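Following: one structure in structure tokens, then a few remarks.
Values in this document were obtained by computation on a predicted structure and should not be read as measured data.
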Amino acid sequence: MSITKVNKIIIATVIFMYLIAYTSEADSSFVKTDGDDFGISVELFGGLSYTLRNYNIKMKKLNISPAVRVMWNPNRRLNIGIETAYLIAGESDEDLTDTDLGKGKFNAKLEVVPVLIIFNMRVFQLDWTGGIGLNFMRSTIESKFKNEYLITVADNYYYCYMAGVGYSFDLSKKIDIGVETKIYSRTNANDFIVGAYFKFIYHFIF
């Protein structure tokens, strides 16, 4: 399936969630409030991410990835918030032997920080999430030789999407733990980054 089709599916899913869910009553197992109260939750993620794109050079594609999400949980089924993560889309570290400058080392890294508006709801005891936002990206290329050191850094940003599904259970009224899988769409590179995370959720009740 092409990235364009996946992007359309994610956009349609987010719109569908927004249209049908906000007027529905909350799942009491997820929104821990009563009456007209609401809560704010902070979700901390830790896990692994893997980029699906194949590069022309040998790249490390599996990396540790943290993320944080802040959610507004009204007394409705739909929850809204913001999320950011740190992703490494690819990293290469190679020895150079046949160059005009002699032997050396080459290092390249592409770092990605998505900032997303998140929509989340619980259906069939699973937490379904969709998001849209911007990817802030930094490409760093370093070449090290005996008498010369070269570094090139380039920054840019592009729009992106994210979709995820997870499961969580209560440890107490304010604390949940769980797991979640996600897929991030890097629209500029026709690429996806997938991730698997453990999550810790703390609910602030107002």
Side-chain angles (χ1 to χ4, degrees), residues 1-33 38-53 65-87 89 112-137 157-169 176-203:
M1 183 180 293
S2 70
I3 191 170
T4 301
K5 290 182 179 178
V6 173
N7 287 342
K8 290 179 180 179
I9 292 171
I10 295 174
I11 292 173
T13 301
V14 170
I15 294 173
F16 179 75
M17 289 169 63
Y18 183 80
L19 290 176
I20 72 167
Y22 192 74
T23 58
S24 302
E25 293 184 357
D27 184 334
S28 59
S29 64
F30 184 57
V31 181
K32 304 180 180 183
T33 58
F38 66 91
I40 295 175
S41 64
V42 176
E43 305 183 20
L44 303 177
F45 297 81
L48 296 174
S49 63
Y50 182 83
T51 182
L52 300 181
R53 183 180 182 183
S65 173
V68 62
R69 179 186 297 165
V70 179
M71 297 298 298
W72 173 48
N73 306 312
N75 192 23
R76 296 291 185 272
R77 186 177 294 275
L78 185 70
N79 308 294
I80 303 172
I82 58 173
E83 177 179 330
T84 187
Y86 175 73
L87 306 168
V112 180
V113 178
V115 179
L116 303 149
I117 298 174
I118 295 295
F119 302 92
N120 171 281
M121 61 187 294
R122 174 166 287 186
V123 180
F124 306 122
Q125 299 301 310
L126 295 176
D127 304 326
W128 301 86
T129 303
I132 184 171
L134 292 176
N135 266 337
F136 295 89
M137 293 183 292
Y157 63 91
Y158 300 89
Y159 69 93
C160 64
Y161 305 107
M162 185 274 285
V165 60
Y167 176 79
S168 60
F169 60 91
D176 298 350
I177 60 172
V179 293
E180 186 167 316
T181 60
K182 307 181 189 183
I183 182 167
Y184 296 91
S185 165
R186 291 203 302 131
T187 56
N188 67 302
N190 197 35
D191 183 24
F192 301 105
I193 299 175
V194 296
Y197 298 87
F198 292 101
K199 61 181 178 179
F200 172 86
I201 306 170
Y202 187 83
H203 297 269

Residues passing the ring pair (Phe, Tyr, Trp, His ring centres under 6.0 Å) test with Tyr157, sequence neighbours excluded, are Phe136
Applying ring pair (Phe, Tyr, Trp, His ring centres under 6.0 Å) to Tyr202 and not counting sequence neighbours gives Phe204
Quiz item: Short question: side chain of Ser65, backbone of Leu48 - any donor-acceptor pair under 3.5 Å?
Solution: no
Taken to the nearest 0.5 Å, the spacing of Ile117 CD1 from Leu134 CG works out to 9.0 Å
For Ser41, the side-chain contact (heavy atoms from CB on, under 4.5 Å) test, sequence neighbours excluded, returns Glu43, Met71, Asn73, Ile201, His203
side-chain contact (heavy atoms from CB on, under 4.5 Å) filter on Leu52, not counting sequence neighbours, yields Tyr50, Asp191, Phe192, Val194
Closest approach of [X] and [Y], non-hydrogen atoms and distance?
X: Lys199; Y: Val179; value: CE-O, 3.8 Å
X: Asn135; Y: Ser185; value: ND2-O, 3.9 Å
X: Thr51; Y: Ala89; value: CG2-O, 2.6 Å
X: Phe45; Y: Glu180; value: CE2-OE1, 3.7 Å
X: Tyr184; Y: Ala85; value: OH-CB, 3.7 Å
X: Gly131; Y: Leu116; value: C-CD2, 4.2 Å

Would you say the side chain of [Y] lies within less than 4.5 Å of the side chain of [X], judging by non-hydrogen atoms?
X: Ile118; Y: Met162; value: yes
X: Thr129; Y: Phe119; value: no
X: Ile82; Y: Val115; value: no

**Asked** Should the pair Tyr161 and Tyr159 be assigned to parallel (<30°), tilted (30 to 60°) or perpendicular (>60°) ring geometry?
**Response** perpendicular
